[in-house]
Amino acid sequence: MGDNSTPSFKAADLVIQLSSAPKSKLDVFAFGTVFTDHMLTIEWSLSGGWEPPLIKPFENLSLHPACSSLHYGIQLFEGLKAYRGDDNQLRIFRPMLNMNRMAKSARRACLPAFDQSELLECIRQLVEIDQDWVPQSDSVSLYIRPTFISIESSLGVKKPTRALLYVILCQAGSYFNNETQAVSLWANPKYTRAWKGGTGDCKMGGNYGGTLFAQYEAVGFGCQQVLWLHGEDHQLTEAGTMNIFLHWINEDGEEELATPPLDGMILPGVTRQSVLELTRKWGEFKVVERYLTMGQLCSALKQQRLKEVFGSGTACMICPIRQIVYQGENLHIPCRDKNSRLTSRIATELTNIQYGRTPSDWTILV
């Protein structure tokens with residue numbers, strides 16, 4: 001919720017300006033390349049507080065060259081999706097988790113507070129206006145990108161006195177070009193994604209821009225993503241932009257699904273939380289948040305205790321891992337029969353919720 005010193009904007013004050021020239025809807029679903037007709041913008045200043053929310057035709061932003069989001073990275077973003085179900089209804093998947101995480105990131109970035117439910121209602125109305133961009137397809141959805149930036153127009157590292165919260169929408173197909181296949185990871189401890197006391201648990205742009213150099217080095221080793229390690233014991237943290245899960249028989253002989261704990265370095269992913277809640281509800285095996293090291297993974301692989309490794313995220317949802325390149329070795333990760341493996345089962349259950357085939361309070365109707 002917005003605090004007393006920063007009263008929130010209200011969805012009831014939303015101003016809507018519809019585009020007079022809607023774009024043609026092309027059958028181009030490459031992730032993040034085709035944007036819809038409208039956007040949501042909400043400006044804030046220290047002197048005037050929040051202005052009324054505005055939905056207007058999609059257009060470029062105009063920023064002062066000294067804008068502190070450009071110079072000092074005072075900005076953050078979110079990512080969530082809307083899906084068109086078999087019943088033609090549009091559903092947004094667990095959006096309040098994104099709103100809460102965005103508010104947490106805003107506090108860390110010294111950006112103003114806002115009421116998460118008011119922002120969600122503004123987003124819902126934006127999606128409703130551009131809903132024709134969402135086809136009825138299991139392979140296509142609408143990606144929602146809330147963004148929050150400082151528009152302070154003076155140099156100097158300081159708390160912003162002006163900010164812009166905006167939301168854009170784009171068609172979303174496959175995040176990876178080979179989404180039907182498992183991906184390979186490059187694990188090298190010389191690069192670190194995040195550290196305790198840092199901003200690894202917030203969705204800030206700098207967390208991603210700083211990974212590009214390592215990402216391209218990974219490609220040179222024949223891998224698509226980086227497996228981010230931390231510490232002298234080479235703890236697993238994240239896989240590219242995904243949370244990571246291990247399905248194995250643990251050291252005590254128990255079947256277990258494990259993922260690293262939220263200790264300040266790990267982004268609290270919405271899909272991550274959904275996987276944990278879903279599999280705990282099944283009650284078929286142990287589901288834990290625990291520290292995992294490459295030594296443990298290698299031992300489990302050698303002793304044939306490792307069943308599967310997969311990543312989770314909003315863009316990719318559930319992504320099997322087939323190989324990890326580590327200390328000069330190619331570790332081949334088991335990918336079990338498609339119909340029996342855990343990744344497929346989780347992906348199917350989540351998809352059924354997102355598209356409305358399974359009734360759930362995890363979705364809201366647009």
Side-chain angles (χ1 to χ4, degrees), residues 29-34 77-86 90-98 101 127 134-146 169-185 203 208 224-227 238-247 257-260 266-282 287 307-322 333 335-336 338-358 360-364:
F29 300 128
F31 183 84
T33 58
V34 179
F77 67 96
E78 269 302 327
L80 57 161
K81 283 181 177 178
Y83 305 83
R84 187 176 296 283
D86 298 339
L90 243 61
R91 291 172 175 82
I92 305 177
F93 184 69
R94 308 200 79 175
M96 279 308 295
L97 294 181
N98 295 92
R101 187 172 66 184
V127 173
V134 193
Q136 197 168 59
S137 167
D138 272 13
S139 60
V140 183
S141 55
L142 189 72
Y143 187 78
I144 304 165
R145 172 53 64 91
L169 311 174
C170 69
Q171 290 181 322
S174 298
Y175 185 70
F176 298 117
N177 291 330
N178 63 337
E179 192 161 282
T180 56
Q181 301 171 17
V183 301
S184 57
L185 304 177
K203 207 161 175 66
Y208 298 81
Q224 289 130 304
Q225 295 287 322
V226 177
L227 176 56
E238 295 192 13
T241 58
M242 304 179 288
N243 294 119
I244 190 162
F245 284 84
L246 267 59
H247 181 213
L257 180 66
T259 192
I266 306 287
L267 187 73
V270 173
T271 311
R272 174 191 182 278
Q273 182 173 331
S274 302
V275 170
L276 289 173
E277 291 177 10
L278 192 66
T279 52
R280 281 172 177 156
K281 187 179 175 183
W282 294 346
V287 180
K307 292 173 174 287
E308 293 168 76
V309 180
F310 63 90
S312 70
T314 295
C316 65
M317 195 162 78
I318 302 296
C319 179
I321 310 301
R322 63 178 169 81
I333 308 301
C335 281
R336 302 174 73 198
K338 184 179 178 183
N339 294 322
S340 64
R341 71 174 188 232
L342 184 64
T343 49
S344 292
R345 182 179 171 192
I346 292 171
T348 298
E349 292 225 10
L350 288 176
T351 300
N352 285 342
I353 291 171
Q354 290 161 345
Y355 286 90
R357 298 179 198 117
T358 302
S360 173
D361 58 6
W362 283 2
T363 60
I364 69 159

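Index from 1, following the sequence. Just so it is clear, the values below take in all heavy atoms, side chains as well, and ignore hydrogens, waters and symmetry mates.
You'll find the side chain of Ile333 stays beyond 4.5 Å of the side chain of Arg322, heavy atoms only. The closest side-chain heavy-atom distance from Gln354 to Lys81 is not below 4.5 Å. Side-chain contact between Phe310 and Leu257 is present, with at least one heavy-atom pair separated by less than 4.5 Å. You'll find the side chain of Phe93 stays beyond 4.5 Å of the side chain of Met317, heavy atoms only. For the pair Thr314/Tyr143, a side-chain contact is recorded, criterion being any heavy-atom separation below 4.5 Å from C-beta on.
At least one donor-acceptor pair under 3.5 Å links the side chain of Asn98 to the backbone N or O of Gly79. The main-chain N or O of Ile244 is found under 3.5 Å from a side-chain atom of Thr259 such that the two form a donor-acceptor pair. When atom types are taken as modelled, the side chain of Gln171 and the backbone of Phe31 share no donor-acceptor pair closer than 3.5 angstrom. Although no hydrogens or angles enter the test, the distance criterion places a donor-acceptor pair under 3.5 Å between the side chain of Glu308 and the main chain of Thr343. Between the Glu349 side chain and the Leu278 main chain, no donor and acceptor come within less than 3.5 Å of each other. When atom types are taken as modelled, the side chain of Gln224 and the backbone of Ser184 share a donor-acceptor pair closer than 3.5 angstrom. A distance-only check finds a donor-acceptor pair linking the side chain of Tyr355 to the backbone of Ser137 [under 3.5 Å]. A donor-acceptor contact shorter than 3.5 Å links the side chain of Asn243 to the backbone of Leu267.
Evaluated for a side chain to side chain contact (heavy atoms under 4.5 Å, CB included) with Phe245, the options Ile346, Thr279, Ile318, Leu276 yield exactly one hit, Leu276.
Ala82 and Ser141 get closest at one heavy-atom pair: O-CB, 3.4 Å. Pairing each heavy atom of Met242 with each of Ile321, the nearest pair is CE-CD1, 4.5 Å. In terms of heavy-atom proximity, Leu350 sits nearest to Ser274 at CD2-CB, 4.0 Å. Nearest heavy atoms, Pro95 versus Leu80: CB-CD1, 3.7 Å.
A salt bridge links Glu277 to Arg94: one of the charged nitrogens lies within less than 4.0 Å of a carboxylate oxygen.
For Arg145, there are no salt bridge (Lys or Arg N to Asp or Glu O under 4.0 Å) partners, not counting sequence neighbours.
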